[in-house]
Participant: 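One structure follows; several queries about it will come next.
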Amino acid sequence: MPSDDEHFNPTLKLPLFANASEENDDGQEAEEEQQYTTAASHRLRGEIKRFVYENPEGNYFVYRLTDSKGNQQTVVGNMPGLFDGQEIEAEGRWEQHQDHGRQFYVTNYKAVLPTSEAGIRKYLASGVLPGIGDVFADRIVDKFGVKTLEILDHYTERLREVPGIGKKRIQEIREAWRGQTEDRETRVFLQGLGISSAYCGRLIEKYGIGSAAEVVRRNPYRLAEEVDGFGFLTSDRIASKLGISKEDPLRLCSGILYVLDKMSLDGHVCVTRGKLLESATEVLRVSLPFAENGLAIALSEGKVIQVPWLDNRGQACEPRVYLRWLYACETGLAEAIRVLLKNGTPQSGVPLQYDRLGAGYRRLNAAQREAVGRAFHFGFSIVTGGPGVGKTTVVGQIVACAQLLGRTLLLAAPTGRASKRLSEATGLKASTIHRLLKWDFKTRQFQHNADNPLDCDMLIVDEASMLDTSLACSLFQAVRVGTSVVLIGDKDQLPSVGPGAVLQDLIQSRRIPVTELTEIYRQSKGSRIVANSHLVNRGMMPDLRPLPPSVLGDFYWVEQGDGVKVAEMICRLVTDRIPKAFGFDPMADVQVLTPMRRGDCGTYEMNRRLQAELNPAGEGKESFQAGNRMFRTGDRVMQTRNNYDKKVFNGEMGRILFVDNSSRCFTVQFDIGVVEYKHDECDQLSLAYAVTVHKSQGSEYPVVLMPVLTQHYMMLQRNLIYTGMTRSKKLLILLGTRRALGIALRNDKPMLRETGLIQRLQ
């Protein structure tokens with residue numbers, strides 16, 4: 001095997017990437033997702049001696065603890081509300097911190113009352129009771145000794161025996177102690193059901209100290225619908241410990257909702273009744289009649305909708321079942337599109353003479369001219385095609401025509417980066433769809449809707465493959481009757497992250513004029529990105545041949561099947577070889593895309609590695625920890641869910657500008673500007689040195705690196721590889737095995753999404 005140094009051009013002193021690692025010809029990688037392993041669980045009991053640190057978001061604490069053997073230990077984790085002198089029983093694991101040494105990372109704990117006089121003294125003086133500091137804590141314990149807590153539980157009137165404590169203070173102490181007792185008993189009850197201390201806090205905050213335990217007792221399945229972080233499986237484990245039977249109606253109904261929700265996360269808008277019941281019997285571990293009972297309850301309560309169905313020949317077939325909100329979105333979307341198709345105002349006599357439109361229009365091929373003409377002749381039209389086929393050129397000419405005709409235009413795309421590219425291509429302002437529709441904080445709805453439509457004559461939407469059913473419904477319901485709508489997108493890319501396959505369904509419905517562009521234009525001399533992307537899209541092996549040593553290209557293949565070695569190589573390429581060879585900025589220009597989150601080359605591991613390399617901890621660089629994640633000034637981050645209040649939406653990327661641990665806030669620079677977060681809001685952000693291919697949709701990057709390994713077997717699909725490749729503008733590097741790439745190329749039938757949009761349009 002040649003060494004790394006042998007792959008540098010001796011003349012240019014620049015690294016070459018082809019064949020830069022060992023062959024892996026036996027293909028023995030695991031063909032399933034890698035799972036993280038956890039260290040063995042340990043238990044630790046002791047007395048809190050000193051509070052050391054609380055991170056700004058309030059979910060990470062450090063304490064000094066004296067264990068039962070008298071040894072001093074450091075305990076860390078999500079442990080709010082502990083006081084000096086308080087005893088705890090903790091479960092977790094021992095870790096060796098690179099800076100702070102051996103410490104016990106707590107995964108679960110429960111507070112127990114201190115038993116020694118010294119512990120009780122510290123506990124009372126910690127502020128757990130109003131008006132009781134060191135002086136009164138000493139007096140109380142001096143008077144009652146180890147029976148102090150018993151006195152507080154049952155005989156608070158005896159506190160009059162303590163000098164300086166009067167009737168009013170006794171009443172305050174009694175009420176505070178009762179609240180402490182109720183809180184403690186609630187936490188003990190909840191933790192006894194296996195609920196972590198952090199989630200105990202969420203339940204108490206949601207339902208109150210006096211009600212949290214009762215809510216859980218009566219219906220633990222409420223938690224899955226009402227409390228962030230709880231799902232059906234967690235609620236089901238709690239229910240089992242409460243003795244709720246597998247056939248309980250509450251469980252059966254919640255299980256039906258869980259199965260439908262899980263299918264929606266896979267992109268399905270609806271599901272056949274039979275498939276739903278089959279899945280429910282497996283998840284719930286019950287017989288079919290009980291699953292049918294759960295569905296009947298969900299239907300009677302209006303939580304799901306069952307719809308009669310016709311097949312392609314118009315014959316009645318198995319009905320479909322929807323979550324209520326998805327049913328409303330799909331029916332609303334279909335009706336909005338029917339209205340646009342029916343009430344469009346085609347432009348007759350559009351001045352498409354070439355001399356009026358300039359030489360640019362004369363250079364369009366026949367398909368491109370057809371696309372421009374349809375944009376004005378029909379109320380709704382679609383332009384689709386792969387990379388480099390001139391979709392941007394068509395958009396530019398549509399804009400030029402509209403301006404000649406004096407028509408008002410609005411341009412939008414699902415993501416900030418896509419809208420920015422659209423602005424650059426047309427010279428007009430473009431926005432994200434969310435910002436175009438304008439979120440109303442008071443009503444929690446978009447301001448633009450059927451009653452307050454968008455004010456324009458033509459709406460152009462780029463990257464339409466990213467439209468999910470819900471967003472598309474909101475958008476098209478807000479389009480004024482008579483407005484022309486033009487969708488631009490690549491039908492062969494991955495479908496939307498959210499449920500639905502809107503662009504594909506609209507094309508397949510054959511109700512909307514579609515122009516497919518196929519002639520490749522964007523392919524500069526020596527470029528292989530576009531050519532190889534089209535080969536992959538046709539199921540053909542791309543050209544993986546290495547370039548001559550003296551040539552720098554835009555596409556490289558690195559044959560390597562060991563995931564750890566691929567991860568190490570990606571780090572070297574990002575931090576050293578690519579900047580030296582091509583001059584790209586690793587923080588601004590280079591993006592790692594991976595098929596999955598877990599595994600040696602998943603986003604979790606790659607973000608950990610790349611953060612350490614590209615943005616290491618340093619003097620004066622503020623940081624904060626959230627569980628096992630570390631965020632610091634300068635980090636690349638991605639918003640992972642829509643935040644309408646902050647006007648930042650799923651998939652938008654930015655950089656952490658400033659971390660203020662004193663105020664528990666941090667700021668992120670996005671394309672829209674600077675956005676402030678509280679530290680406890682960091683769960684809606686993830687590090688973005690590496691992101692999944694799905695999350696990269698709608699974005700383009702100067703440089704893309706993407707592993708293609710058989711350990712990603714579950715996600716090896718042709719359209720996923722194609723989508724990842726087409727995110728790259730100037731340099732694309734694939735690392736993996738031909739075997740894995742071949743698996744993906746042959747998998748041209750990724751899981752079809754179950755929707756009803758085509759039927760509703762037809």
Side-chain angles (χ1 to χ4, degrees), residues 17 20-21 24 29-30 32-37 494 556-579 584-617 623 625-632 634-640 651 653-656 682 685-697 699 701-716 720-721 723-725 727-728 731-737 740-741 744:
F17 307 101
S21 58
N24 183 8
E29 300 91 355
E32 57 187 15
E33 181 179 352
Q34 298 277 335
Q35 300 292 332
Y36 286 124
T37 59
L494 289 170
Y556 293 90
W557 168 260
V558 179
E559 183 76 23
Q560 173 59 264
D562 186 298
V564 173
K565 291 181 179 179
V566 168
E568 293 171 349
M569 185 170 297
I570 288 174
C571 287
R572 291 200 303 272
L573 290 169
V574 171
T575 59
D576 181 58
R577 294 187 170 191
I578 290 174
F584 290 113
D585 181 344
M587 286 292 281
D589 300 329
V590 182
Q591 183 64 56
V592 176
L593 303 182
T594 75
M596 304 183 78
R597 293 184 177 88
R598 300 188 182 276
D600 298 325
C601 296
T603 56
Y604 298 142
E605 176 63 13
M606 290 311 306
N607 274 317
R608 183 190 69 80
R609 287 176 178 266
L610 290 168
Q611 182 191 46
E613 293 285 346
L614 295 173
N615 193 33
S623 64
Q625 188 156 350
N628 290 326
R629 297 187 303 163
M630 177 68 73
F631 293 94
R632 62 175 61 103
D635 273 336
R636 286 169 55 178
V637 293
M638 173 180 279
Q639 181 79 15
T640 58
M653 298 177 71
R655 292 276 293 275
I656 295 180
C682 69
L685 293 168
S686 66
L687 293 176
Y689 301 97
V691 301
T692 63
V693 177
H694 283 85
K695 285 290 188 182
S696 74
Q697 289 175 262
S699 297
Y701 315 95
V703 182
V704 167
L705 295 89
M706 182 168 61
V708 185
L709 299 165
T710 52
Q711 65 179 233
H712 301 143
Y713 181 81
M714 297 298 294
M715 296 300 295
L716 288 179
L720 183 138
I721 302 298
T723 300
M725 293 176 68
R727 300 307 88 203
S728 176
L731 177 62
L732 172 63
I733 303 173
L734 304 182
L735 307 92
T737 65
L741 185 56

Participant: Which value, rounded to the nearest 0.5 Å, describes the distance between Met715 atom CE and Ile721 atom CD1?
Facilitator: 9.5 Å
Participant: Donor-acceptor pair, Ser696 side chain versus Ser699 backbone, under 3.5 Å?
Facilitator: no
Participant: Just verifying a value: how many Å separate Thr594 OG1 and Tyr604 OH, rounded to the nearest 0.5 Å?
Facilitator: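 One finds 10.0 Å between OG1 of Thr594 and OH of Tyr604.
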Participant: Any heavy-atom pair between the side chains of Pro586 and Val574 that's under 4.5 Å?
Facilitator: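 The answer is yes, as the side chains (C-beta and beyond) meet within the 4.5 Å cut-off.
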Participant: Show your working on side-chain contact (heavy atoms from CB on, under 4.5 Å) between Asp600 and Val566 and close with a plain yes or no.
Facilitator: CA-CA 8 Å; Asp600 298 325; Val566 168; over 6 Å; no
Participant: For a side-chain contact (heavy atoms from CB on, under 4.5 Å) check, start with the C-alpha distance between Ile733 and Ile578, then their side-chain angles and the critical distance, and finish with the verdict.
Facilitator: CA-CA 10 Å; Ile733 303 173; Ile578 290 174; 3.8 Å; yes
Participant: Walk me through it: do Ile656 and Arg632 pass the test side-chain contact (heavy atoms from CB on, under 4.5 Å)?
Facilitator: CA-CA 7 Å; Ile656 295 180; Arg632 62 175 61 103; over 6 Å; no
Participant: Taking the side chain as C-beta and beyond, is there a heavy-atom pair between Met706 and Arg727 under 4.5 Å?
Facilitator: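 Met706 vs Arg727: side chains apart.
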Participant: Any side-chain heavy-atom pair from Leu687 and Thr603 closer than 4.5 angstrom?
Facilitator: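 Leu687 vs Thr603: side chains apart.
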Participant: Between Arg608 and Glu605, does at least one N-O distance fall below 4.0 Å, as a salt bridge requires?
Facilitator: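 Yes, Arg608 and Glu605 are salt-bridged.
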Participant: To the nearest 0.5 Å, tell me how far Ile570 CD1 sits from Arg577 CZ.
Facilitator: 13.0 Å
Participant: So which heavy atom on Ala688 is nearest to which on Gln591, and how close?
Facilitator: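 Smallest interatomic distance, heavy atoms only, reads O-NE2, 3.2 Å.
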Participant: Could you state the interatomic distance from CZ (Arg636) to CG (Asn615), rounded to the nearest 0.5 Å?
Facilitator: 11.0 Å
Participant: Can you see which heavy atom on Asn607 is nearest to which on Tyr689, and at what distance?
Facilitator: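 In this case the closest contact between Asn607 and Tyr689 is OD1-N, 2.9 Å.
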Participant: Are the side chains of Leu610 and Cys571 in touch, meaning some heavy atoms are under 4.5 Å apart?
Facilitator: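 Yes, side chains in contact.
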Participant: Got a donor-acceptor contact below 3.5 angstrom from the Gln639 side chain to the Gly654 backbone?
Facilitator: no
Participant: Please check if any side-chain donor atom of Arg629 sits under 3.5 Å from a side-chain acceptor atom of Gln611, or the reverse.
Facilitator: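 Checked: Arg629/Gln611 side chains show no N/O donor-acceptor pair below 3.5 Å.
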Participant: Which heavy atom of Val704 sits nearest a heavy atom of Gly724, and at what distance?
Facilitator: CG1-O, 4.0 Å
Participant: Nearest 0.5 angstrom please: Gln697 CD to Leu494 CG, how far?
Facilitator: 5.0 Å
Participant: Less than 4.5 Å apart, side chain to side chain, heavy atoms only: is that true for Glu568 and Gln560?
Facilitator: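 Result no, sub-4.5 Å side-chain heavy-atom pair not found.
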Participant: Is the shortest side-chain heavy-atom distance between Glu559 and Thr737 below 4.5 Å?
Facilitator: yes
Participant: On a heavy-atom basis, which atom in Phe631 and which in Ser686 lie closest, and how many Å separate them?
Facilitator: CE2-C, 4.4 Å
Participant: To check you understand the geometry: which heavy-atom pair defines the closest contact between Gln625 and Met630, and what is its length?
Facilitator: OE1-CE, 3.5 Å
Participant: Where is the tightest heavy-atom contact between Pro707 and Cys601, given as atom of each residue plus distance?
Facilitator: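 The answer is CG-CB, 3.9 Å.
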Participant: Is there a donor-acceptor pair under 3.5 Å between the side chain of Arg655 and the backbone N or O of Gly634?
Facilitator: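 Side chain of Arg655 to backbone of Gly634: a pair is present.
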Participant: So, taking the atom named CG in Leu741 and the one named CH2 in Trp557, what distance separates them when rounded to the nearest 0.5 Å?
Facilitator: 5.0 Å
Participant: Start with the C-alpha distance between Leu716 and Val708, add both sets of side-chain angles, then the distance that settles side-chain contact (heavy atoms from CB on, under 4.5 Å), and finish with yes or no.
Facilitator: CA-CA 8 Å; Leu716 288 179; Val708 185; 4.2 Å; yes
Participant: Would you say the side chain of Val691 lies within less than 4.5 Å of the side chain of Leu593, judging by non-hydrogen atoms?
Facilitator: yes
